[in-house]
Amino acid sequence: MRTIAIVNQKGGCGKTTVAINLASALAEADRKTLLVDMDPQSHCAVGLAVPEEQIEQSIYDILISYSRNEPLKLSEILWEISENLELAPASIDLSAFEQQMAGVPERECCLQKVLDSVGNEYDSVIIDCPPAVGLLTFNALRAATDVIVPVETGYFSLHGLSKQLETLSILCRRCDQHVNVRVLASMYDIRTKMAREILGELRSHFDDKMFKTTVNFNTKLKEATSFGQPICEYDPASRGHADFKSLAREVVSTQAKEPRRQIVESLTDQLEAITATADELLEQAKPRIQEIPTSKPEPARSEALKPEKPDLARTDAKLSDYYGANQVNDAIAFVTLYPRAKAVQVAGDFNNWQPSKTPLEKVGESGVWQTSVKLTPGRYRYRLVVDGQWQQDPYNETTELNPFGGHNSVVEVK
Ligand SMILES: Nc1ncnc2c1ncn2[C@@H]1O[C@H](COP(=O)(O)OP(=O)(O)O)[C@@H](O)[C@H]1O
Ligand SMILES: [Mg+2]
């Protein structure tokens with residue numbers, strides 16, 4: 001079974017369009033296909049005319065049931081779209097998934113377990129991801145054999161791409177996984193000089209990490225979505241349909257013939273290589289990590305900022321090495337990733353469990369939050385407070401049971 005996650009943290013770059021129409025084109029080519037919507041906005045249902053108000057159970061219910069070890073059958077939530085295509089729809093509940101799963105062991109493997117349970121029933125699974133990096137996307141990545149990153153051929157999309165790939169590599173560094181990652185030029189408007197130049201650049205830099213097929217900008221694709229149909233039904237004679245047939249052929253023809261681990265490099269390596277290329281391509285200043293602010297007058301300097309290691313201080317991605325709570329000199333640096341949060345605070349025994357005393361600061365637009373607190377040697381317990389919700393630090397594995405039945409994260413100052 002091929003499991004292909006469509007990932008890009010940028011909204012509007014064509015993920016759902018690719019997910020729906022690639023899934024339909026694979027089904028048209030006689031491959032039994034499952035489309036899984038992991039975006040709480042449930043656009044796949046909208047784009048395939050599945051009435052949202054009649055979706056009683058969604059992929060959310062299945063994922064939660066697996067996390068509770070009382071697995072529901074995936075078939076209970078599936079909608080038949082065409083002879084070879086079924087949809088596992090999303091629902092708005094998915095937006096609470098990350099917070100509800102804080103502290104649950106193996107919470108990033110729920111989707112993988114669900115798909116393993118139906119492994120023999122499908123030839124292909126396509127996963128549409130939300131435009132944010134978080135537990136939902138991480139679940140998709142854990143389940144995936146392939147990742148497609150659709151990239152709009154505009155200047156700003158390149159900037160987005162670089163950030164996107166950095167973030168993917170952060171996620172993948174956390175697990176040892178072999179995945180085949182490829183970039184797909186989407187919404188390509190051949191009439192504009194900018195698009196042609198950018199496609200040329202992408203091709204020369206990404207080479208075999210890029211699909212030969214491009215998905216052209218085609219208003220029929222937009223119309224098809226608003227009529228709730230895949231392009232193969234809405235307008236089989238359109239350019240959009242030809243593009244997706246070609247993409248499906250390319251996907252099938254690059255099917256691993258040898259055991260997967262022998263032919264693909266590790267996802268981390270691939271992503272790091274691609275990221276480096278994207279950096280080169282952009283030739284523009286990356287958002288620089290600011291010095292980690294301290295709540296005391298004398299700031300502790302992060303290891304990342306020492307002049308002898310300038311590379312570590314360069315990008316947000318590198319800050320990922322510091323996700324969690326880490327001692328930096330006589331302070332603890334709290335660094336975490338919540339792209340959608342409006343406020344992140346930390347409450348612990350060092351501030352009398354008062355979150356308002358220790359807010360984290362946002363680092364640019366990357367979704368990274370950080371602060372540091374000077375502490376005397378000892379063992380400290382804390383929780384993160386994200387938009388008012390108390391939760392365990394997802395990047396710190398050291399925890400203790402608290403009197404409320406949840407877990408406190410624990411950090412030690414030496
Ligand atoms: N190749 C394309 N040609 C024309 N319109 C497109 C194309 N791909 C996507 N769109 C339109 O662009 C908008 C955003 O696409 P969508 O697939 O929803 O992106 P995402 O899922 O990444 O947010 C939608 O209105 C969609 O119909
Ligand atoms: Mg979408």
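Just so it is clear, the model here is predicted, and its values are computed rather than measured. As the structure lists them, so they are numbered: ligands from 1, and atoms in each ligand from 1. Only heavy atoms go into these numbers, but all of them, side chains included; no hydrogens, no water, no symmetry mates.
Any N or O atom pair closer than 3.5 Å counts here, and K222 shares at least one such pair with ligand 1. Taking any N or O of G12, backbone or side chain, at least one lies under 3.5 Å from an N or O belonging to ligand 1. Every N/O-N/O distance between H43 and ligand 1 stays at or above 3.5 Å. In terms of polar-atom proximity, L221 is not counted as a contact of ligand 1, lacking any N or O under 3.5 Å from an N or O of the ligand. Residue G11 places no N or O, backbone or side chain, under 3.5 Å from any N or O of ligand 1.
Within the set N218, T225, T16, the minimum heavy-atom distance to atom 3 (N) of ligand 1 is found for N218.
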Side-chain donor-acceptor pairs of residues 75-86 under 3.5 Å, sequence neighbours excluded:
| unit_1 | atom_1 | unit_2 | atom_2 | d |
| --- | --- | --- | --- | --- |
| N84 | ND2 | A27 | O | 3.1 |
| E86 | OE1 | Y122 | OH | 2.6 |

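Using a 4.0 Å cut-off between heavy atoms, N216 contacts ligand 1 through its backbone alone, with no side-chain atom that close.
Without hydrogens or angle criteria, N216 side chain to N218 main chain gives no donor-acceptor distance under 3.5 Å.
Protein heavy atom in closest approach to atom 6 (C) of ligand 1: M187 CE, 3.8 Å.
Counting non-hydrogen atoms of other residues, nucleotides and ligands closer than 6.0 Å to CD of E106 gives a total of 12 or fewer.
By the criterion of a separation under 2.8 Å, the protein N/O/S atoms near the Mg ion (ligand 2) amount to T16 OG1.
With sequence neighbours excluded, the residues that form a side-chain contact (heavy atoms from CB on, under 4.5 Å) with D146 are R2, I4, N180. For T16, the side chain to side chain donor-acceptor pair (under 3.5 Å) criterion is met by D128, not counting sequence neighbours.
A donor-acceptor contact closer than 3.5 angstrom is absent between the side chains of Y395 and S409.
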